[in-house]
Amino acid sequence: MTGGRAALAGMAIKGAPLRVRFQPKLTAWRGRLLESDERGQPVHAASFIRRRLIVLDAELRKRPRELERILAHELSHFAWMRLGNAVRRGWEDVLAREMSRGARGELGWSAELRKEKLAPEDWRRRTRRWREYACESFSDTVAWLRVERRAHDEFTLAARFRVMRKRWFAAHLGGRTIPI
Ligand SMILES: [Zn+2]
């Protein structure tokens, strides 16, 4: 992927070139990414921020719409690193409000898996688990915004909370250029 500007869910992103690589049968095992291996949990993709590398499961080549969603998610991880603490905390506030209202579901599997493991202390004390959830939820929300009109079985968050997330994005990131 060449450097320069691109649009991602209302915000513009801009940065140095990133490499995108396809690999067969990706799995995550003990914190490592494996290919064509029997061990670990199957994953769609992984990002290596410092190496400026995104690795995608080769199967996604046959599913262009899903590829678009997954790639938006992975690019958002690069954007998240550069958002600044104030914006990241603002996003955590959105999520904390949802939690206090008992919101269930998410906008992607990656956030949902983490959300299921959260206890109330996690969001009150901003534990590492909470911050990891916030990051995945941010990326899944960007990916959802990208393909919003399509139904997907990973979009399980109630409509009223989707609206709140969308407003937050428009207010805080709309029209901004985020470095990645
Ligand atoms: Zn992710």
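Position 1 is the first residue of the sequence; numbering continues from there. Remember, it's 1-based here, ligands and their atoms both numbered in the order they're listed. Hydrogens, waters and symmetry mates play no part in the numbers below; they use all other heavy atoms, side chains included.
Taking the side chain as every heavy atom from C-beta outward, L33 and V43 approach each other to under 4.5 Å. Between M99 and R124, the closest side-chain pair of non-hydrogen atoms is not below 4.5 Å.
To the nearest 0.5 Å, the span separating CD on E112 from OG on S137 amounts to 10.5 Å.
Note: W80 and F138 have tilted aromatic rings, judged against thresholds of 30 and 60 degrees for the angle between ring planes.
With respect to R51, the side chain to side chain contact (heavy atoms under 4.5 Å, CB included) criterion is satisfied by exactly one of L53, V55, I54, I49: L53. Checked against V163 for a side chain to side chain contact (heavy atoms under 4.5 Å, CB included), the options R165, R160, R167, K166 give a single hit: R167.
For the Zn ion (ligand 1), protein N/O/S neighbours under 2.8 Å (waters excluded) are H73 NE2, H77 NE2, E136 OE1.
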